[in-house]
K.L.:
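Quick one: the structure is below, questions incoming.
Nothing here was measured: the structure is a model prediction, and the numbers come from that model. In this chain, residues are counted from 1 in sequence order.
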Amino acid sequence: MNRDEIVKALRSGIARVTFTKVNGDVRVMDCTLKSDLIPESQRPATVPDDEGVLVTLDVIRVFDVKADGWRSFRVANVTNWIISDFGA
């Protein structure tokens with residue numbers, strides 16, 4: 001799985017990302033980086049060129065559409081991701 005592919009999917013809509021948390025638990029998260037899917041009150045005041053992705057090779061910061069808040073996951077811990085419109 002490629003970080004750039006995941007970010008591209010997140011920018012196009014909602015993606016379901018499955019990953020292993022640092023504590024070993026498996027988590028499935030419906031998340032996005034597409035601004036019009038993020039509530040206005042939750043959008044960053046300024047949007048960097050990468051649309052809110054923490055610029056690092058290790059971690060992607062995303063908006064969790066079910067939890068209604070910002071979360072992050074380690075790219076190396078992603079076991080699956082699919083592009084979808086879950087929760088939209």
Side-chain angles (χ1 to χ4, degrees):
M1 275 163 251
N2 179 304
R3 181 188 190 282
D4 292 336
E5 292 172 335
I6 296 170
V7 170
K8 182 178 179 181
L10 290 164
R11 287 182 177 158
S12 69
I14 295 172
R16 179 165 283 171
V17 179
T18 305
F19 61 96
T20 305
K21 294 170 48 171
V22 175
N23 68 4
D25 292 345
V26 173
R27 172 127 192 258
V28 178
M29 180 170 47
D30 297 340
C31 50
T32 189
L33 289 173
K34 189 172 182 181
S35 352
D36 61 345
L37 297 176
I38 300 169
E40 192 171 336
S41 63
Q42 295 282 348
R43 292 181 198 152
T46 58
V47 179
D49 291 341
D50 59 8
E51 292 197 30
V53 176
L54 182 60
V55 180
T56 175
L57 298 178
D58 299 330
V59 177
I60 299 175
R61 185 171 179 253
V62 296
F63 187 79
D64 183 330
V65 297
K66 289 187 178 177
D68 197 34
W70 290 92
R71 305 289 186 267
S72 61
F73 56 85
R74 295 189 175 281
V75 175
N77 294 349
V78 173
T79 57
N80 191 36
W81 62 272
I82 56 173
I83 300 169
S84 187
D85 59 357
F86 301 108

K.L.:
What residue among Val62, Val59, Ile60 forms side-chain contact (heavy atoms from CB on, under 4.5 Å) with Ser72?
P.N.:
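In the set Val62, Val59, Ile60, the residue that makes a side-chain contact (heavy atoms from CB on, under 4.5 Å) with Ser72 is Val59.
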K.L.:
Which value, rounded to the nearest 0.5 Å, describes the distance between Arg71 atom CZ and Phe63 atom CZ?
P.N.:
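The CZ atom of Arg71 sits 8.5 Å away from the CZ atom of Phe63.
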K.L.:
What's the shortest heavy-atom distance between Ile38 and Gln42, and which atoms?
P.N.:
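Scanning both residues, the minimum pair turns out to be CG2-CB, 3.9 Å.
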K.L.:
Does atom CZ (Arg74) have a neighbourhood of more than 12 heavy atoms from anything else shown, all under 6.0 Å?
P.N.:
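Incorrect, the count does not exceed 12.
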K.L.:
Does the pair Lys34 and Arg11 meet the rule for a side-chain contact (heavy atoms from CB on, under 4.5 Å), with working shown?
P.N.:
CA-CA 5 Å; Lys34 189 172 182 181; Arg11 287 182 177 158; 5.8 Å; no
K.L.:
Does the pair Arg43 and Asp36 meet the rule for a salt bridge (Lys or Arg N to Asp or Glu O under 4.0 Å), with working shown?
P.N.:
CA-CA 9 Å; Arg43 292 181 198 152; Asp36 61 345; over 6 Å; no
K.L.:
What's the shortest heavy-atom distance between Thr32 and Gly13, and which atoms?
P.N.:
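Shortest heavy-atom contact: OG1-O, 2.7 Å.
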K.L.:
Taking the six-membered ring of Trp81 as reference, does the cationic atom of Arg16 (NZ for Lys, CZ for Arg) lie under 6.0 Å from its centre and within 45° of its axis?
P.N.:
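No, Arg16 does not sit over the ring of Trp81.
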K.L.:
Measure the CG-NZ distance between Asn2 and Lys8 for me, rounded to the nearest 0.5 Å.
P.N.:
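Going from the CG atom of Asn2 to the NZ atom of Lys8 covers 10.5 Å.
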K.L.:
Quick one: closest heavy-atom pair of Leu33 and Trp70, and the distance?
P.N.:
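Scanning both residues, the minimum pair turns out to be CD2-CZ3, 4.1 Å.
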K.L.:
Apply side-chain contact (heavy atoms from CB on, under 4.5 Å) to Cys31 and Val65, showing your working.
P.N.:
CA-CA 5 Å; Cys31 50; Val65 297; 5.9 Å; no
K.L.:
Are any side-chain N or O atoms of Thr18 and backbone N or O atoms of Thr79, one a donor and one an acceptor, separated by less than 3.5 Å?
P.N.:
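No.
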K.L.:
Identify the two heavy atoms, one from Ile82 and one from Asn80, that lie closest to each other, and give their separation to 0.1 Å.
P.N.:
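Result for this residue pair: CG2-ND2, 4.4 Å.
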K.L.:
Any chance you could lay out the side-chain contact (heavy atoms from CB on, under 4.5 Å) test for Asp68 and Asp64, step after step, and finish with the verdict?
P.N.:
CA-CA 6 Å; Asp68 197 34; Asp64 183 330; over 6 Å; no
K.L.:
On a heavy-atom basis, which atom in Ser12 and which in Ala9 lie closest, and how many Å separate them?
P.N.:
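Taking Ser12 first and Ala9 second, the nearest heavy atoms are OG-O, 2.8 Å.
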K.L.:
Do Phe73 and Val17 come close enough that some side-chain heavy atom pair is under 4.5 Å?
P.N.:
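Answer yes - side chains close enough.
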